[in-house]
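Everything quoted here is computed from the prediction, not taken from an experiment. In what follows, every chain begins at residue 1, and chains take the letters A, B, ... in the order their sequences are listed.
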2 protein chains.
Amino acid sequence: MAEIPNTNREQAKVVDLASVQAACHGCSLRQLCLPMGVNQVDLHRLDEIVRRSRPMQRGKHVFRLGDQFHAIYAIRSGSVKTYTMTDAGSEQITGFHLPGELIGLDAIATGSHPCGAKALETATVCELPFLQLEELAVQVPSLQHQLLRLMSKEILSDGELLTLLGKKSAEERLAALIFSLSARFKERGFSPNEFRLSMSRNDIADYLGLAVETVSRLFTRFQQQGLIDVQNKQVTIRDHDRLKELAGSNAEDRAPQARA
Amino acid sequence: MAEIPNTNREQAKVVDLASVQAACHGCSLRQLCLPMGVNQVDLHRLDEIVRRSRPMQRGKHVFRLGDQFHAIYAIRSGSVKTYTMTDAGSEQITGFHLPGELIGLDAIATGSHPCGAKALETATVCELPFLQLEELAVQVPSLQHQLLRLMSKEILSDGELLTLLGKKSAEERLAALIFSLSARFKERGFSPNEFRLSMSRNDIADYLGLAVETVSRLFTRFQQQGLIDVQNKQVTIRDHDRLKELAGSNAEDRAPQARA
DNA sequence: CGACTTTTTGATCCGATTCAATACGCGTGG
DNA sequence: CCACGCGTATTGAATCGGATCAAAAAGTCG
């Protein structure tokens, strides 16, 4: 399954290059996103139903809380946060999403978006009208499979987050987030050890179920401990192993005084 | 879409009655479970791939953590808890599941069960071999739709749980659990105001991310406040509205000192 | 009935929140 | 280019909710 480079030798018209990159089959995220495992022919059919957004800037909504559901969205570039509102004003952030990830899946059941999605930085998304997608999935088993897989992955990662929020200390939570981002950047071909946090401290705190102040203090502490380097939003991981250990769970530290 | 009663007038052999009840089309959970929206003809095809378990008693596993994935399961009767293990021994319970709910969906992506499932009381489940289910879903759009719907529902409820664990106080958490159980019992035709908790206090604590002692104290307090009546595992809801309010979020109470 | 597990209750402790204040980063306009 | 102002982030001190430790009480089961 050789990668097709982002150039088109045969007819190198500008237009073609652009459209190839825009289309699923030219997208660098193909292997992470819905198209994975879908053959070239069927990929064109998927391409036909995809609507690509123009770049949307920081703070713009992909969809709002309560919007009627008609499509799911794949992040194409940039990053997006999803959130719900607790009855008072505070947001509970349910996820930070990177390119290749699908959002809006939680709306299928109810027909309206139970959470909103907002760009954390300039971002582009692909809109996948759900009715058409469903129809196509019936005809393209590999697409159905990948859709189920991605939904399952979402359920899986929600489950992990549940453990995080249910059982882990503030320290572990932040370590886990940094570690998760690192791993996901790596998957996408970016440096796993040096990246920019597109979300604010406040967003991080909301996501992790902590107070902003706590998050801030932790960043400072992690830096003092030589785990990471933080400069505003720029993070450099200094001790990947220790970070991983902390993220995975240092539960053993707290475990019964076994291991004399 | 008239309801078909649980009896079979035409050929009332005992065997038939049993097999009708056992089959999806005779199942009282049809409207909640995977069969919803699937027509009679296709329902028979679904029936052919379903494997019904004999009753499994309390503590028995439907599947274990790490088991290879080959099927998802629908609860048919009784109740089941799903859980993961944090690296130290403590379980994080990820859900309590009632008849008509699907479990094992989180394993599709990885091929092995990231969480275990254990009967909380005597329970029966329907095993749905995934490969066959997927195949059938391609041929039966309404089945595909319902599968996606149920997965979406799972993602949705995970999201709610996230908010619960991320943002809510111990009080709110327990109220939310009781309220959720009440609502789900109601859906299934049981009394919403009087039911038995099939799980232990410990399970509840693990699920809610609290200590057992806290849960216990809260039950006592709720009773003193006249919200509920608790007698061991038997719960009677006394003030449905106040419980709902507490569960939904009494965030306003804590909100800015507005409302002078 | 007696051993064991589960639940409840009480006392103490600690991590994280909250309140308060300062510092920093960044865009704007002088 | 620097001064100003506003939102974001950091730091410090006090407080509190829930965990933990300890022990009694109530169920459960052979």
Query - Polar side-chain atom of A:R238 near backbone of A:D229 as donor-acceptor pair, under 3.5 Å - result: no

Query raised in the report: In whole Å, what is the span from the NZ atom of A:K168 to the P atom of C:dG15?
Result: 18 Å

Report summary line: Whole-Å distance, A:F219 CZ to D:dT11 C1', equals 16 Å

Report summary line: Between CD of B:Q231 and P of D:dT28 the distance, given in whole Å, is 11 Å

**Report entry** Minimum heavy-atom distance between A:M56 and A:H61, given as atom pair plus value
**Finding:** CE-O, 3.1 Å

**Report entry** Contact under 4.0 Å: B:S169 side-chain N or O vs D:dG17 OP1/OP2
**Finding:** no

Query - Annotated protein contacts, base or backbone, on nucleotides 4-9 of chain D with a non-hydrogen cut-off under 4.0 Å, one of B, S, - each - result: -----S

Query raised in the report: Quick one: does B:R217 reach the base of C:dG10 with a side-chain donor-acceptor pair under 3.5 Å?
Result: yes

Report task. Using whole Å, report how far CD1 of A:I204 lies from C1' of C:dA16. Result -> 17 Å

Requested in this report: Please state how far atom CZ in A:R221 lies from atom P in D:dG12, giving the value in whole angstrom units.
Outcome: 13 Å

Requested in this report: Check the distance between C:dC24's C1' and A:E213's CD and give it to me in whole angstrom.
Outcome: 16 Å

Report task. Verify the neighbour count for atom NZ of A:K186: are there more than 12 heavy atoms of other residues, nucleotides or ligands below 6.0 Å? Result -> no

Report task. Report which part of the nucleic acid B:A170 touches: base, sugar-phosphate, or nothing (heavy-atom distance under 4.0 Å, all strands). Result -> sugar-phosphate

**Report entry** Given A:H113, A:H97, A:K118, the one that forms side-chain hydrogen bond (donor to acceptor under 3.5 Å, both in side chains) with A:T82
**Finding:** A:H97

**Report entry** Atom-to-atom span, CD of B:Q234 to P of C:dT7 - whole angstrom
**Finding:** 14 Å

Requested in this report: May I ask you to evaluate whether B:T214 reaches the phosphate of D:dG18, defined as a side-chain N or O under 4.0 Å from OP1 or OP2?
Outcome: no

Requested in this report: Please figure out whether A:N232 or A:G209 has its closest DNA chain C nucleotide nearer the 5' end.
Outcome: A:G209

